[in-house]
2 protein chains.
Amino acid sequence: MSSHVKKSMSNNSKTPKKITSPLGSKDKRIPTMTDVAKLAGVSQMTVSRVMRKSGYLSDDIVSRVHDASEQLGYVHNRLAGGLAGADSSLIGVVLPNLQNRVFSEVLSGIVGAASDNGVQPVFGVSDYSQTTESTLALDLLAWRPQGLILSGIEHSKKLRETLASSNIRIAEIMDTDGPPIDTCFGFSHRLAGKEMAIHLLEKGYRKFAYVGSQHALDLRAKKRYKSFSKTIQAEGAQLVTQRITEHPSSTLVGRECTESILNGDDKPEVIYYANDDLAAGGLMHCLAKQITVPEQVALAGFNGLTFLEALPQRITTTRTPRFEIGTAAARFVTGQTTRDSKSKKQVFDVSIIAGETS
Amino acid sequence: MSSHVKKSMSNNSKTPKKITSPLGSKDKRIPTMTDVAKLAGVSQMTVSRVMRKSGYLSDDIVSRVHDASEQLGYVHNRLAGGLAGADSSLIGVVLPNLQNRVFSEVLSGIVGAASDNGVQPVFGVSDYSQTTESTLALDLLAWRPQGLILSGIEHSKKLRETLASSNIRIAEIMDTDGPPIDTCFGFSHRLAGKEMAIHLLEKGYRKFAYVGSQHALDLRAKKRYKSFSKTIQAEGAQLVTQRITEHPSSTLVGRECTESILNGDDKPEVIYYANDDLAAGGLMHCLAKQITVPEQVALAGFNGLTFLEALPQRITTTRTPRFEIGTAAARFVTGQTTRDSKSKKQVFDVSIIAGETS
DNA sequence: TGTTACTATGTTTGCGCAAACATACTATGG
DNA sequence: CCATAGTATGTTTGCGCAAACATAGTAACA
């Protein structure tokens with residue numbers, strides 16, 4: 001009839017709350033602003049002001065409070081502060097993945113911009129699952145963050161609705177192909193796919209192959225793929241073969257898919273990879289098998305990751321501003337930049353890097 | 001005479017708090033547990049129990065509360081919960097860097113283990129600065145986290161002292177060469193450097209070179225370097241040359257340093273790199289310049305990053321369990337595992353991967 | 001049938017802080 | 001010399017929740 005859940009144990013304090021010596025002994029009470037205030041001979045409110053550097057403060061008071069605080073080992077309690085005040089100085093961040101360099105660079109940008117503003121990110125990883133993303137994002141809301149950063153513009157209905165009516169700033173990043181909840185920061189993957197198609201068509205290639213991974217999950221790669229193949233077909237060229245695995249992308253997967261394609265019957269003139277990791281794997285395969293690039297087969301990746309610079313040949317790819325997108329999104333949700341009244345989309349430039357593999 | 005700081009503006013509520021309709025309209029009051037309780041016809045405390053799945057609850061009540069909560073768009077306020085209760089269900093994480101794959105893998109492990117436990121990580125990046133680390137970690141304490149995860153065992157004196165007397169769990173990760181504040185999870189870099197030295201000595205190499213980066217900051221790389229060079233010297237071999245840049249490590253830097261060494265006078269038989277990125281750069285240089293590896297020069301890296309698997313030659317390296325360390329540390333600070341009364345060090349195995357480059 | 005143990009709820013209270021609103025003091029100018 | 005603006009502090013109050021402590025109903029058993 002009823003759910004049973006473990007009862008929480010009662011605590012074991014022997015004496016009902018007793019103010020003990022400030023430091024050193026165990027079982028000590030954690031000092032509060034009031035303790036600091038008493039020691040410094042000021043009011044609790046003054047301590048609060050000193051901690052937050054807000055309002056008018058004489059130098060004398062400031063140093064007295066700092067001394068007292070130091071002496072007691074006082075640590076500001078932001079939970080209480082957030083409850084009493086309005087702001088929590090937290091932002092929520094949900095990314096699909098961290099293994100992928102792209103997202104750790106984005107996160108780098110976010111963390112950098114946030115900490116410039118004294119704001120800390122609380123963090124979740126969705127593993128490309130909309131359900132997980134939704135759960136995480138909703139959980140993060142419980143911390144009353146100033147804002148939330150999500151990846152992509154596809155989210156569960158419930159999440160979209162909750163966030164839309166939440167009053168906090170929402171930044172959706174890495175994609176602008178669709179309507180954002182609040183403001184999105186990124187670029188058009190459709191355009192990026194199309195541009196690479198045009199670039200390769202202009203080079204004279206007509207027989208294409210595609211290598212991708214996690215297509216069911218990585219909707220942005222899928223968008224590039226679709227507009228890429230549409231564009232080449234519109235020009236009378238064709239996708240002779242493709243390999244799309246459900247594994248997470250990696251150099252190794254790229255290498256294996258490339259080998260499979262080049263051992264197959266439908267030999268392409270050029271392979272378009274969903275990202276640079278896969279493309280680098282392709283190049284490694286060609287190097288190992290003495291296949292000359294781009295003469296025997298040309299290669300193109302996506303993202304412009306810096307490790308490409310060290311490869312024996314520069315891979316043709318699309319440069320994307322990942323760090324900058326992270327920075328802009330964090331600035332936005334922390335209120336360092338204002339909401340653009342005209343546009344809900346902040347579109348960043350992407351550009352083809354014409355490398356030596358095409 | 002005195003510090004002036006901008007006064008905060010007063011708010012602009014026209015009517016003194018008025019309960020408006022639950023959803024849809026702007027300027028609405030954010031619903032609280034009491035609102036949910038009224039709608040569900042129960043007490044606030046019962047709502048609290050439902051939210052936290054704690055205590056005894058009848059199925060009827062649970063669904064009524066859920067319905068009411070849904071209807072109002074209620075979002076649990078963890079700030080208040082953390083203040084009233086004991087636990088904050090947050091952990092603090094400070095890492096030196098995110099660009100480095102090593103730390104994003106560690107973070108992956110942390111995030112995974114933490115979210116298994118319903119705990120969210122709050123996050124900071126120290127950029128390898130002890131001062132920044134200290135500031136960040138102390139700031140994170142303001143959120144009353146269950147625990148804190150830091151990198152390495154070298155920290156500012158103040159941070160060590162504060163944390164030691166803080167009662168919360170502290171995990172120091174990636175290094176066990178020294179006394180931890182609480183418990184450390186990692187491996188001995190001294191041993192790792194020594195083992196690679198022995199491995200290479202056994203292969204017969206006698207003339208060594210070293211390539212490193214950010215030596216002043218990356219104390220763990222420095223430890224490997226020191227014990228590596230000590231070990232080879234003890235065997236009568238020598239470090240004929242080295243390149244240590246202050247740049248962050250990257251494949252490109254590795255490539256450049258390798259070129260510089262191989263163009264120099266003191267030609268080594270083998271180059272030991274501070275990490276795999278640098279080593280991969282070295283291999284790239286050799287590939288590009290048709291230098292045969294390991295005949296003309298042997299190479300060894302550190303970490304065992306997965307992207308090595310796709311390179312034309314498997315690089316000799318030391319495999320380190322980064323993800324596992326992150327997982328173990330997160331489990332520890334979230335209380336999923338207990339503090340080991342015997343040992344303050346959880347030492348993980350590292351193992352030499354004998355590749356094709358040595 | 002009463003006693004006990006369990007199950008399921010409610011009531012009171014205070015966590016630590018910052019907003020809002022005083023208050024008091026100091027310079028400045030007419 | 002007083003009004004005024006600016007500067008520097010203090011007092012009261014309540015944010016939203018969960019611990020602690022009731023209380024009341026129900027089942028189990030002698």
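Computed from a predicted structure; not experimentally measured. Here is how names work: the chains are called A, B, and so on, in the same order as the sequence lines, proteins then strands, and each is numbered from 1.
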Excluding sequence neighbours, so at least two apart, what forms side chain to side chain contact (heavy atoms under 4.5 Å, CB included) with A:Ser63?
-> none

For A:Arg339 and A:Phe332, run side chain to side chain contact (heavy atoms under 4.5 Å, CB included): C-alpha distance rounded to whole Å, both residues' side-chain angles, the deciding distance at 0.1 Å, then the answer.
-> CA-CA 7 Å; A:Arg339 193 179 268 118; A:Phe332 172 71; 4.0 Å; yes

From the set [options], return the single nucleotide nearest to any side-chain atom of [X].
X: A:Ala84; options: D:dG16, D:dA20, C:dC17; value: C:dC17
X: A:Tyr74; options: C:dC17, C:dT11, D:dC17; value: C:dC17
X: B:Met45; options: D:dC15, D:dA18, C:dA19; value: D:dA18
X: A:His76; options: D:dG16, D:dC17, C:dA18; value: C:dA18

How would you label the contact of A:Arg78 with the nucleic acid (heavy atoms, under 4.0 Å): base, sugar-phosphate, or nothing?
-> nothing

Have a look at A:Ile61 and say if it touches a base, only the backbone sugar-phosphate, or nothing, with a 4.0 Å heavy-atom cut-off.
-> sugar-phosphate

Taking OP1 and OP2 of [N], is either one under 4.0 Å from a side-chain nitrogen or oxygen of [X]?
X: B:Ser48; N: D:dC17; answer: no
X: A:Thr32; N: C:dG16; answer: no
X: A:Ser58; N: D:dT9; answer: yes
X: B:Thr46; N: C:dG10; answer: yes
X: B:Arg52; N: D:dA19; answer: yes

Rounding to an integer number of Å, can you tell me how far [X] [atom1] sits from [N] [atom2]?
X: A:Leu79; N: D:dA18; atom1: CG; atom2: P; result: 12 Å
X: B:Asp59; N: C:dT9; atom1: CG; atom2: P; result: 10 Å
X: B:Asp60; N: C:dT9; atom1: CG; atom2: C1'; result: 12 Å
X: A:Tyr56; N: C:dC25; atom1: OH; atom2: P; result: 18 Å
X: A:Lys38; N: C:dC17; atom1: NZ; atom2: C1'; result: 15 Å
X: B:Gln44; N: C:dT11; atom1: CD; atom2: P; result: 11 Å
X: A:Leu83; N: D:dT13; atom1: CG; atom2: P; result: 18 Å
X: A:Asn77; N: D:dC15; atom1: CG; atom2: P; result: 18 Å

Between atom NZ of A:Lys158 and atom CD of A:Gln130, what is the distance when rounded to the nearest 0.5 Å?
-> 14.5 Å

Contact nearer the 5' end of DNA chain C, comparing A:Arg49 with B:Gly85 | B:Gly85

Of all residues at least two apart in sequence or in a different chain, which pass the ring-ring contact (aromatic ring centres under 6.0 Å, His included) check with A:Phe123?
-> none

If you take all heavy atoms of B:Leu72 and B:Pro31, which pair is closest and at what distance?
-> O-CG, 3.5 Å

